[in-house]
Amino acid sequence: MGALHRKRIADWLLTAPTNQDIEVSGWVRTKRGNKEIAFIALSDGSTINNLQIVAELAKFDEELMKKIQTGASIRATGKLVASQGVGQTVEMVAESIVLLGEADADTYPLQKKKHTLEFLREIAHLRPRTNTFGAILRIRHSLAFAIHKYFNDHHFYYIHAPIITGSDAEGAGEMFRVSTLDPANPPRNEDGSVDYTQDFFGKESNLTVSGQLEGELAAMALSRVYTFGPTFRAENSNTARHLAEFWMIEPEMAFFELDDNMDLAEDFLKYLIRYAMEHHADDLAFLEKRLLDEENLLPKENRNPLPLLEKLKFVTENPFERITYTEAISILEKSGKKFEFPVKWGIDLQSEHERYLVEKHFKKPVILTNYPKGIKAFYMKQDDDGQTVRAMDVLFPGIGEIIGGSQREENYEKLNTRIQEMGIHAESLWWYLETRKFGTVPHSGFGLGFERLVLFVTGMGNIRDVIPFPRTPKNLEF
RNA sequence: UCCUUGGUAGCUCAGCCGGUUAGAGCAUCUGACUGUUAAUCAGAGGGUCGUUGGUUCGAGCCCAACCCGAGGAGCCA
């Protein structure tokens, strides 16, 4: 049988042990035993669980068995039998073992013990081999797959927004410049500034900070679209919730108003969490136990009130709380709590305010809507009161803002006026404004930070641990 | 970027008021053990104390700058 259809360890662990001959390949997690017999725990990454390979030492070369240690790669053939031990139901009695690659125990950094996440970040090239990262990467994959499945099932079209953009007016954050000019000696204008007309694109270009504007263009033809791609922010953000390169999901829907947008956001998030729970019960159980072990070291008041799986279940089974910004301010003012940043209508809500609402007051996800226009982006639809816009932020416990979205301003005059008011360079957005000139319609959309979703589902504490190779300030080793 | 805090063996950490040869657990290696579950038991090896400079008779410990990590904040997804 070719490799494509070969069974994986995940498959064999679910197979009835009828002494059939099987072959498996993978990496050694641990080897235990005495001078008669060795027990090799083998992983091929297909599941959090290992296949136990039983090797009677008399049948194998002594030098070979010495080299089979943590991290080595092997191919083994033998019979799949019911296990005599208690830790597993099936195991393989090895008949032949081929050492594919050694892992010298003196220099192989991964030991058969717990490592800190900080240490594993320094060996990001090897950390996928740990149980924790295996679980995270499998869940991350399934969430990405579920995103496409959800949208496909709901008749959304996947749009590929460009990664290099000439638009600098989105205001979503600092951008990474893209240039082929010689940085040591760029062509210059008479006033000494760099002459970007001689650059590759003939103008300044950057990595995208959002696919939203392009998404809107597509939604003006296909009605329901989404983007799902990498996004870049050159902010010097050093937190457990920010990356310089992250993946963002941005649906954009014609004929959707703010309530429809909220309905979608809530249904979408619940679907994704449910999907992970259904397909990754054992990975999530492992992560939950890992989390509990870690939290037992913390003082009681800092511990999470709910174990991971209960927390996820709670989110899928309860409606999100929907309140306006104005109502939120009123709740905060009446809370009697002293905040570091005083609460007043018109301020942007700080982390402490959001945390109070989500974690103390409502104790569940909250959708905040109708923010003051002064603190939100130019493209959001203005409410009739002239004070607020139809924005919505979905706030999750422990994560903060997981989704930011809005109904878009579809009125050309209002949008143009707002652009002028905010001092944005309108000429560079001429193509965007034309959507409001030609066949404009009410429409809405939002952005979901993919890593923040993975962070929530896996229960991890640092966003650098839910992406294989994190890009953060001063960090580009791998 | 700001505040707080940390950097000592491969990993996780201890190291008293600045004073002789730098400590532990785990990992590694060697040995023991007839089915182990991060196996267990015994022994051994393993250190430029983040970097640079300074104070001092003497610095892991004090001072300065820088680098890197963590927690919090800002910015946001």
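Side chains are part of it too, since the values below use all heavy atoms of this structure and drop only hydrogens, waters and symmetry mates. Chain identifiers are assigned alphabetically (A, B, ...) following the order of the sequence lines, protein sequences preceding nucleic acid strands; residue numbering begins at 1 within each chain. This structure is a prediction, so every number in the text was calculated from the model and none was measured.
- Taking atom C1' on both U40(B) and U8(B), the two are 30 Å apart, rounded to the nearest angstrom.
- We find that E63(A) and K67(A) are not joined by a salt bridge, their nearest charged nitrogen and carboxylate oxygen being 4.0 Å or further apart.
- Between R8(A) and T47(A) there is no side-chain heavy-atom pair separated by less than 4.5 Å.
- Within the 4.5 Å cutoff, no side-chain heavy atoms of T70(A) are placed close to those of K31(A).
- Annotation: G60(B) and G54(B) have their P atoms spaced 15 Å apart (nearest Å).
- When the P atom of U1(B) is taken as reference, atom CG of N236(A) falls 5 Å away, rounded to whole Å.
- In terms of position along RNA chain B, the nucleotide closest to F119(A) lies nearer the 5' end than the nucleotide closest to the other residue of the pair F119(A) and E36(A).
- Using a 4.0 Å heavy-atom criterion, one finds that I399(A) contacts no nucleic acid atom at all.
- Comparing the P positions of G69(B) and G25(B) gives a spacing of 31 Å, expressed to the nearest Å.
- Q52(A) contributes a side-chain N or O that forms a donor-acceptor pair with the base of U36(B) under 3.5 Å.
- You'll find the side chain of L126(A) reaches within 4.5 Å of the side chain of P109(A), heavy atoms only.
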RNA chain B base-pair string [pairs: Watson-Crick or G-U under 3.5 Å; |: paired with another strand]: (((((((..((((.....[...)))).(((((.......))))).....(((((..]....))))))))))))....
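- Residue contacts shown for T70(A) are absent, as no nucleic acid heavy atom lies under 4.0 Å away.
- For C67(B), the base adopts the anti conformation, since its glycosidic angle falls more than 90 degrees from zero.
- With rounding to whole Å, K31(A) atom NZ is found 16 Å from G35(B) atom P.
- For the P atom pair drawn from A27(B) and U12(B), the interatomic distance equals 15 Å after rounding to whole Å.
- Nucleotides A9(B) and G47(B) are separated by 6 Å at their C1' atoms, to the nearest Å.
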After noting the C-alpha distance and the side-chain angles of Y356(A) and F339(A), does the key distance pass the ring-ring contact (aromatic ring centres under 6.0 Å, His included) rule? CA-CA 10 Å; Y356(A) 178 84; F339(A) 293 105; 5.7 Å; yes
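- Counting heavy-atom neighbours within 6.0 Å of K289(A) NZ, excluding the residue itself, gives a total of 12 or less.
- Note: NZ (K112(A)) to C1' (U36(B)) measures 11 Å, nearest angstrom.
- By the side chain to side chain contact (heavy atoms under 4.5 Å, CB included) test, R241(A) pairs with T239(A), R452(A), sequence neighbours left out.
- Side-chain proximity of R233(A) to the nucleotides C75(B), U28(B), C76(B) is greatest for C76(B).
- Listed nucleotides U36(B), C75(B), C11(B) differ in distance to H242(A); the shortest reach to its side chain belongs to C75(B).
- As judged by a 4.0 angstrom heavy-atom cut-off over every strand, D106(A) is placed among residues touching the sugar-phosphate backbone only.
- Of the candidate nucleotides U28(B), C11(B), A73(B), A73(B) has the atom lying nearest to any side-chain atom of F341(A).
- Look at the P atom in both G7(B) and C62(B): the space between them is 10 Å, to the nearest Å.
- The listed nucleotides are C11(B), U28(B), G69(B); the one nearest the side chain of E118(A) is G69(B).
- Side-chain contact between F286(A) and N131(A) is present, with heavy atoms from C-beta onward closer than 4.5 Å.
- Taken residue by residue, residues 80-102 of chain A places heavy atoms nearer than 4.0 Å to RNA chain B at S83(A), Q84(A), G85(A), V86(A), G87(A), Q88(A), E91(A).
- As a whole-Å value, the separation of N238(A) CG from U5(B) P is 18 Å.
- Protein atom CD of E235(A) is 10 Å distant from nucleotide atom P of A77(B), rounded to whole Å.
- Residue Y157(A) qualifies as open at atom OH: its count of foreign heavy atoms under 6.0 Å is 12 or below.
- Straight-line distance between the C1' atoms of U4(B) and U48(B): roughly 30 Å, to the nearest whole Å.
- For the salt bridge (charged side-chain N to carboxylate O under 4.0 Å, His left out) with K364(A), the lone residue among E359(A), E321(A), E266(A) that qualifies is E321(A).
- Using a 4.0 Å heavy-atom cutoff across all strands shown, I403(A) reaches sugar-phosphate atoms only and no base atom.
- Side-chain contact check for T227(A) versus E214(A): every heavy-atom pair is 4.5 Å or farther apart.
- Between F119(A) and H115(A), the two ring planes are tilted [angle within 30° to 60°].
- Between I40(A) atom CD1 and A39(B) atom C1' there is a gap of 15 Å when expressed in whole angstrom units.
- Counting to the nearest Å, the P atom of A70(B) and the CG atom of L120(A) are 12 Å from each other.
- Across all strands shown, S237(A) has heavy atoms under 4.0 Å from base atoms, whether or not it also approaches the sugar-phosphate.
- Within 4.0 Å of F246(A), counting heavy atoms only, lies at least one base atom of the nucleic acid.
- Heavy atoms of R464(A) sit under 4.0 angstrom from primed sugar atoms or phosphate atoms, though from no base atom.
- In this structure, K114(A) reaches the bases: a heavy-atom distance under 4.0 Å links it to at least one base atom across the strands shown.
- Among A73(B), A70(B), U28(B), the nucleotide with an atom closest to any side-chain atom of R241(A) is A73(B).
- Side-chain atoms of N34(A) and base atoms of U36(B) include no donor and acceptor less than 3.5 Å apart.
- Residue order along RNA chain B, read from the 5' end via each residue's closest nucleotide, puts R121(A) first among R121(A) and M248(A).
- Annotation: C26(B) and C2(B) have their C1' atoms spaced 38 Å apart (nearest Å).
- For R452(A), the side-chain atoms get nearest to A77(B) when compared with the rest of U12(B), A39(B), A77(B).
- Across all strands, Q111(A) comes closer than 4.0 Å to base atoms (heavy-atom distances).
- Among the heavy atoms of the strands, none lies under 4.0 Å from E451(A).
- Centroid-to-centroid, the aromatic rings of Y226(A) and Y158(A) come within less than 6.0 Å.
- Atom P of nucleotide G10(B) and atom CG of D104(A) are separated by 14 Å, given to the nearest angstrom.
- Closest approach to the R32(A) side chain among U1(B), A39(B), A77(B) is made by A39(B) (side chain taken as heavy atoms from C-beta onward).
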